[in-house]
Amino acid sequence: MISSSEYGSHSWELLVTVDHQHEEVQKEFLLRVTGDLHIGGVMLKLVEQIKISQDWSDYALWWEQKKCWLLKTHWTLDKCGVQADAKLFFTTQHKMLRLRLPNMKTVRLKASFSSMVFKAVSDICKILNIRRSEELSLLKQSEDALKKKKKKDKNSKEPVTEDILNLCNSPVSSGLSGSPGLYSKTMTPVYDPISGTPASSTITWFSDSPLTEQNCSILAFSHPNCSPETLAEMYQPRTLADKAKLNAGWLDSSRSLMEQGILEDDQLLLRFKYYTFFDLNPKYDAVRINQIYEQARWAILLEEIDCTEEEMLIFAALQAQYHVSKLSLSSEAQDFTCESEVDEVEAALSNLEVTLEGGNASNILEDITDIPKLADNLRLVRPRKLSLKAIKPYWFVFKDTSVSYFKNKESAQGEPIEKLNLKGCEVVPDVNVAAKKFGIKLLIPVADGMNEVYLRCDNENQYARWMAACILASKGKTMADSSYHPEVHKILSFLKMKNWTMSPQAVSDPESIDMKPECFVSLRYTKKYKSKQLAARILEAHQNVSQMTLVEAKLRFIQAWQSLPEFGLSYYIVRFKGSKKDDVLGVSYNRLIRIDIATGDPITTWRFSNMKQWNVNWEIRQVAIEFDQNVSIAFTCLSADCKIIHEYIGGYIFLSTRSKDQNETLDEDLFHKLTGGQE
């Protein structure tokens, strides 16, 4: 019997369902509570009533109707707004989740379903030994990709069994999110910078982790390429609208997995969301480098990013070289217990590290007293409607962030024919090394759109110097900036890879490399060429990369991917305020681009460096952005929630604040302040 005082006017019954595995014990419990009872008190009452002896520390209350966790245990039921009609679930905060990694391998691990996704991804990356977790996020697979998968499963005669790597015994998995796992300053596993294998001195650290030596190799090594038949069964975007669908499924980093409808054992994609790969180091980042390489490789094979035939052959050659290096390593039966000359290897790879940071702002002040300039004979090409292109030679002078051109060298002391300000312009390579064509396409912002101008260079060296100057000028930097010479070097090394000559022995013996050429290129080229023709062309390109090590081949592949004009662009279909038609918005690490949905041509570019503020009108789901010089834009997003674009912009600005002298702890509050929005 319950006394009358206990049945007081303020008490009421609260139904709580307990998520436990004991079939003989009831799952629903009625608790008599009052509005001033705190959440911790409710859980204590509940555990006393359940009478099951187990560790309840990972359990918390989930409010089903409101789709929210009641994690503030000191808050009262009244403060939370919980009343008698509330349905509460007492369930674990860490649950099993299947993640498809960039290398298309699926891992199964425990993740936090109650933390914000930003924190959950950080914990997942600790398990996988991937540094800089802020560059990654979780993505729901697009509807079109899921339809294609269902169709493939339906047509398959044999039941599809997916090979899943189980990592559910990790420290983070068991709810101890404070455990550093494999991710701390003093206990970071070190890898051999040549082969990417765990170094002998740290290999024992893997024994207490789910990331054993075998599992580590699954994550840190690329595995045999898939067949053209498998590739044909995968979803490939055909248009800009298709590409926009790929980016619609990013989860909100400021909310938990449960709040976004993710259930236990669901499958999500773990992907690099932000294309600014900071502080890449082969010594610590074997898994991270391999997963970036794999994301780049699949983007090229599935034509999620466009590249020329010449570039496709370079990517194929680098994949072939990786394949060959891996075979030679295994044939030598390398003993992982022997010490490698790490210092010498570091020195050999140090030049790669500086070129792989994805356009981060340099902290070194420019020497404004002596800004270099370029002056040379180039050809100017202006496309004209209804007529052939007009190609004329002029004397060009590049100074600060502007290009001026004159009739000839002698008239360079006077007024130029035209001065082109390149700040904020789009710079696109127009190169065919075999045909000795070295062009630079400039799309210069003007009041009513973009002014298209082509510069033609005579040779590789001239092209590299002028191209590097144009790229820096588009970011508002001059040739005095410390990144100018590395940029020239990067362009020249990419051109060198493209510059191959026919070798009779290579062509006559395509079997000299044990490979299926169709595995290294997109379907377009397997349809265009026969297998032997493709093998011969890949082998021609392979001659320039045949001396590269495993890790270097991957880093060069990433570098070549970064050189593509479309690199780092995430597309969304939007409707600009005042416009009657849909456009595509490209979001990059340093700019937004408005693109014509029909032609794919850029219309306008806006740089983040000129942005004053951005916000969202949550009622009409409209993003509004203000730039310098009284430029303002507003748009609604049609292919995804506007919060995704808002988070992208804030995320890139957050990542631009990173510096190498910081420790690796992130200012999570600043991230949420920049990306969360005031919904």
Side-chain angles (χ1 to χ4, degrees), residues 308-311 370-481 483-485 487-501 563-565 601-602 605:
T308 64
E309 186 172 317
E310 195 172 48
E311 287 160 346
D370 181 28
I371 294 175
K373 71 175 186 179
L374 288 174
D376 216 336
N377 281 307
L378 302 177
R379 282 158 294 156
L380 180 73
V381 186
R382 280 193 182 279
R384 290 179 178 173
K385 289 178 183 176
L386 305 174
S387 70
L388 295 171
K389 291 178 180 177
I391 305 175
K392 286 188 178 180
Y394 292 101
W395 180 257
F396 281 81
V397 176
F398 200 125
K399 192 164 185 187
D400 295 330
T401 57
S402 299
V403 172
S404 305
Y405 62 92
F406 305 83
K407 191 175 179 181
N408 49 43
K409 187 176 180 179
E410 290 68 35
S411 57
Q413 303 305 318
E415 283 294 308
I417 298 169
E418 189 178 11
K419 186 176 183 181
L420 306 170
N421 183 7
L422 303 190
K423 200 172 177 182
C425 78
E426 289 297 309
V427 184
V428 183
D430 181 26
V431 174
N432 184 326
V433 177
K436 301 291 181 193
K437 178 186 176 187
F438 303 101
I440 303 167
K441 181 180 175 183
L442 301 172
L443 296 163
I444 301 163
V446 289
D448 57 346
M450 298 287 232
N451 191 1
E452 196 173 306
V453 176
Y454 288 80
L455 304 183
R456 287 274 175 87
C457 301
D458 294 328
N459 54 54
E460 294 177 14
N461 289 323
Q462 190 186 52
Y463 168 80
R465 293 196 306 273
W466 284 80
M467 184 67 175
C470 290
I471 289 168
L472 263 65
S474 71
K475 299 173 187 175
K477 297 178 181 179
T478 71
M479 287 177 283
D481 190 87
S483 61
Y484 174 69
H485 291 293
E487 187 68 41
V488 173
H489 177 74
K490 186 168 89 172
I491 293 166
L492 280 171
S493 66
F494 192 38
L495 289 176
K496 189 183 174 189
M497 281 195 286
K498 286 183 174 186
N499 187 17
W500 63 81
T501 53
S563 301
L564 297 177
D601 293 335
T605 296

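This one's a predicted model, so the numbers in the text were calculated from it and none came from an experiment.
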Rounded to the nearest 0.5 Å, how far apart are [atom1] of [X] and [atom2] of [Y]?
{"X": "E452", "Y": "D601", "atom1": "CD", "atom2": "CG", "value": "7.0 Å"}
{"X": "I417", "Y": "K407", "atom1": "CD1", "atom2": "NZ", "value": "8.0 Å"}
{"X": "C470", "Y": "M479", "atom1": "SG", "atom2": "CE", "value": "9.5 Å"}
{"X": "I440", "Y": "Y454", "atom1": "CD1", "atom2": "OH", "value": "12.5 Å"}
{"X": "L374", "Y": "F396", "atom1": "CG", "atom2": "CZ", "value": "12.5 Å"}

Minimum-distance pair of heavy atoms, taken over all atoms of [X] and [Y]:
{"X": "E311", "Y": "F494", "answer": "CG-CZ, 4.3 Å"}
{"X": "A468", "Y": "I491", "answer": "N-CD1, 3.7 Å"}
{"X": "C457", "Y": "W466", "answer": "SG-CB, 4.4 Å"}

Among residues at least two apart in sequence or on other chains, which ones pass side chain to side chain donor-acceptor pair (under 3.5 Å) with [X]?
{"X": "N377", "value": "none"}
{"X": "D458", "value": "R379"}
{"X": "N459", "value": "none"}

Point to revise | Partner residues of N432 under the side chain to side chain contact (heavy atoms under 4.5 Å, CB included) criterion, sequence neighbours left out | key: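 Only E310, A434, A435, K437 meet the side chain to side chain contact (heavy atoms under 4.5 Å, CB included) criterion with N432.
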**Study point:** Partners meeting side chain to side chain contact (heavy atoms under 4.5 Å, CB included) with P429 (sequence neighbours left out)
**Key:**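 Expected list: V431, Y463, M467, P565.
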Exercise for review: Check whether any side-chain heavy atom of L455 lies under 4.5 Å from a side-chain heavy atom of L380, and answer yes or no.
Suggested key: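 Yes, at least one pair of side-chain atoms sits under 4.5 Å.
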Point to revise | Partner residues of D376 under the salt bridge (Lys or Arg N to Asp or Glu O under 4.0 Å) criterion, sequence neighbours left out | key: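 With neighbours one apart ignored, the set is R465.
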Point to revise | Listed partners of E487 passing salt bridge (Lys or Arg N to Asp or Glu O under 4.0 Å), at least two apart | key: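 With neighbours one apart ignored, the set is empty.
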Point to revise | Expected output: side-chain N408 to main-chain S411 donor-acceptor under 3.5 Å | key: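 Pair found, side chain donor or acceptor close to backbone of S411.
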List the atom pairs, donor and acceptor, that lie under 3.5 Å between side-chain atoms in residues 420-427 and the rest of the protein, sequence neighbours left out.
unit_1	atom_1	unit_2	atom_2	d
N421	OD1	K423	N	3.3
E426	OE1	R591	NE	3.3
E426	OE1	R591	NH2	3.0
E426	OE2	R591	NE	2.7
E426	OE2	T605	OG1	3.1

Exercise for review: For residues 393-406, pull every pair meeting side-chain hydrogen bond (donor to acceptor under 3.5 Å, both in side chains), keeping only residues two or more places apart or in separate chains.
Suggested key: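 Listed once each, the pairs are Y405-E418.
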